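Chain letters run A, B, ... following the sequence lines, proteins first and then strands; every chain starts at 1. Heavy-atom basis, side chains included; hydrogens, waters and symmetry copies ignored. All of these numbers come straight from a predicted model, not from anything done at the bench.
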2 protein chains.
Amino acid sequence: MARAQRATSETYHHGDLRNALLAAAVELIAERGVAGLSLREAARRVGVSHAAPYRHFPDRAALLLAVADEGFGRLVEAARAAMDGIEDPSERLRAYGLEYIRFARRNPVHFRVMFSEELPKPDADTTDRAPFATVALELLFEAAGAAVRPGVDAEDRARAAVAAWSMTHGFATLVADGRLPDELVADERAADELARWVLLRLSL
Amino acid sequence: MARAQRATSETYHHGDLRNALLAAAVELIAERGVAGLSLREAARRVGVSHAAPYRHFPDRAALLLAVADEGFGRLVEAARAAMDGIEDPSERLRAYGLEYIRFARRNPVHFRVMFSEELPKPDADTTDRAPFATVALELLFEAAGAAVRPGVDAEDRARAAVAAWSMTHGFATLVADGRLPDELVADERAADELARWVLLRLSL
DNA sequence: GTACCTATGTTGACATCGACAACATCGATG
DNA sequence: CATCGATGTTGTCGATGTCAACATAGGTAC
């Protein structure tokens, strides 16, 4: 928010433009949606010229990608913390799912960007610039694979992962997009409880 | 596709501009994504001037809305046909889900637009211009409500609907966005089978 | 300490887009 | 056959993404 400690000479050289732009982008998207994000408006809001952002992001897509990766990073962190110490594989998977949904509820902007169509498709190059997305999904597939009864073949293990992801991602999407009745997800407690209930309908 | 029967005077007055624009829009979105849809490019592709689309759609959002409603219409039609004649409520719900997912696979562009963030939020006015969206969701909630064991209270019935929607919508979203490994959903048969398997993990 | 050098900002320009206004054309209706 | 409304066209405006050319500040090498 507040301009970084040492804004050089109080005018030229912002000092922390990259982060300021990220924050402004999130704010803007919250107000106008992903499509409403404009580099010029973001620049305006942090008080720099319209071309300044290009010193930090090659193009608009890169800014979106940065927001997405920030989101995936936070998700991975939260999920790891939530699963930490839990032994039972089913419980671990549920803990991940719950955190995934909680994340979507608390960071709807990030979540929407993370799965936005506007995001450049991950290729070799993009993967470098957004490492966390891969990690987050690997974590999920691991947890899901471990949660199926032992002795199940690889194919069904993959299917189980898809089922778990579908359920979790579906619910999270509905929450982040505000498609569920407000009273159902108004406060954290109610939302958590509903999420838990929904995740329990999943039998792998 | 082909210009309507009587393109008046072969030049002025296209004859079926509205539909031509819809088709062009879908094509464009398939190539460049929803964000890549531009009224001017659509106009160019059907061979009219850049302002012609405004005679049929008040703005860009309206064109998107029309694509979405076309999609919801087709979905409702397909879902009704699929459920027709099936008695068992659980089977009916599964039939809907399967059709929902099949629709997403076969019409990924429509599906993405239908749930795109860019779509104007449904308010009283929009509902008039896009009646099918409501119908499609009502149909789902009915089917889900009927599928839970009798004697369950209203609250759990609503929860069940959310769970069913989450699972179905989640999987459909992953498919439409191409996030699942290609070999899993390459041909219709494999995709259907996987969808069935996934939907069977749902126990209401 | 001073003279560069590089990272970071700024100004100015161009093409594209959504949107509107003013004008043109066609076909149906009297 | 004259008129009128629906449908297209041209011209224009402001906003945007992106690039090129220029400016500035702060650190580094001597």
Side-chain angles (χ1 to χ4, degrees), chain A residues 3-25 27-29 31-67 113 116-120 129, chain B residues 3-25 27-29 31-67 113 116-120 129:
Chain A
R3 183 159 294 198
Q5 345 228 19
R6 276 265 138 257
T8 54
S9 86
E10 283 315 311
T11 151
Y12 227 95
H13 288 116
H14 180 287
D16 194 22
L17 223 205
R18 193 191 146 89
N19 283 319
L21 285 172
L22 276 184
E27 206 181 275
L28 244 173
I29 295 171
E31 293 170 22
R32 312 185 185 173
V34 177
L37 169 65
S38 108
L39 287 180
R40 293 178 99 112
E41 175 66 19
R44 231 171 273 134
R45 293 201 178 188
V46 299
V48 295
S49 76
H50 66 252
Y54 287 89
R55 295 298 159 181
H56 299 271
F57 304 97
D59 54 20
R60 201 189 93 112
L63 175 53
L64 277 179
L65 197 63
V67 172
V113 175
S116 165
E117 219 205 326
E118 289 201 50
L119 217 57
R129 293 183 291 159
Chain B
R3 180 161 295 196
Q5 346 228 18
R6 275 266 136 257
T8 55
S9 85
E10 284 313 313
T11 149
Y12 225 96
H13 286 114
H14 180 287
D16 195 22
L17 225 204
R18 193 190 145 90
N19 283 321
L21 285 172
L22 276 184
E27 205 182 277
L28 243 173
I29 295 172
E31 293 171 21
R32 314 185 184 174
V34 177
L37 168 65
S38 106
L39 288 181
R40 294 176 98 113
E41 176 65 17
R44 231 171 273 134
R45 293 201 177 187
V46 299
V48 295
S49 76
H50 65 250
Y54 288 91
R55 295 296 159 185
H56 299 271
F57 304 97
D59 55 19
R60 201 188 93 112
L63 175 55
L64 278 179
L65 197 62
V67 172
V113 174
S116 164
E117 219 205 327
E118 289 201 48
L119 217 57
R129 294 182 292 158

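- Positionally, the nearest nucleotide of DNA chain C for A:Ala51 lies more toward the 5' end than for the other of B:Arg44 and A:Ala51.
- DNA chain D is contacted by both A:Arg55 and A:Glu41; A:Glu41 maps to the nucleotide lying nearer its 5′ end (nearest heavy atom per residue).
- With hydrogens and angles left out, the side chain of A:Arg40 and the base of D:dT18 share a donor-acceptor pair within 3.5 Å.
- Contact of A:His50 with C:dG9 (side chain to base): no donor-acceptor pair of N or O atoms is detected under 3.5 Å.
- Between the P atom of C:dG18 and the CZ atom of A:Arg32 lies a distance of 17 Å, rounded to the nearest Å.
- Distance check, rounded to the nearest 0.5 Å: CG of B:Leu17 to CZ of B:Phe57 gives 8.5 Å.
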Next on the checklist: B:Val113 vs B:Leu65, test: side-chain contact (heavy atoms from CB on, under 4.5 Å). Steps then yes/no.
Outcome noted: CA-CA 8 Å; B:Val113 174; B:Leu65 197 62; over 6 Å; no

Checklist entry - Is there a side-chain contact (heavy atoms from CB on, under 4.5 Å) between B:Leu64 and B:Ile29 once you walk through the steps? => result CA-CA 10 Å; B:Leu64 278 179; B:Ile29 295 172; 4.1 Å; yes

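- Between the C1' atom of C:dG18 and the CD atom of B:Glu118 lies a distance of 13 Å, rounded to the nearest Å.
- The nearest whole Å value for the distance from the NE2 atom in B:His56 to the P atom in D:dG5 is 18 Å.
- Taking side-chain N and O atoms only, A:Ser38 has a distance below 4.0 Å to OP1 or OP2 of D:dG17.
- Comparing D:dT18, D:dT9, D:dT16 by their nearest atom to the side chain of A:Tyr54 picks out D:dT18.
- The stretch residues 58-66 of chain B touches DNA chain C through B:Asp59, B:Arg60, each having a heavy atom under 4.0 angstrom from the strand.
- Residues satisfying the salt bridge (charged side-chain N to carboxylate O under 4.0 Å, His left out) criterion with B:Arg18, sequence neighbours excluded, are absent altogether.
- Rounded to an integer number of Å, the gap from CZ of B:Phe57 to P of C:dA19 is 13 Å.
- Closest of all the heavy-atom pairs between B:Pro53 and B:Leu39 is CG-O, 4.0 Å.
- For the pair B:Arg18 CZ and D:dA6 P, the computed distance is 16 Å after rounding to whole Å.
- We find that CG of A:Asp16 is positioned 18 Å from P of C:dA7, with the value rounded to whole Å.
- Under the rule for a salt bridge (charged side-chain N to carboxylate O under 4.0 Å, His left out), B:Arg40 has no partner lying at least two apart in sequence or in another chain.
- Of all nucleotides listed (C:dA19, D:dT9, C:dT8), C:dA19 comes nearest to the side chain of B:Leu39.
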Next on the checklist: The test is side-chain contact (heavy atoms from CB on, under 4.5 Å); show your working for A:Leu37 and A:Val34 and say whether it passes.
Outcome noted: CA-CA 6 Å; A:Leu37 169 65; A:Val34 177; 5.6 Å; no

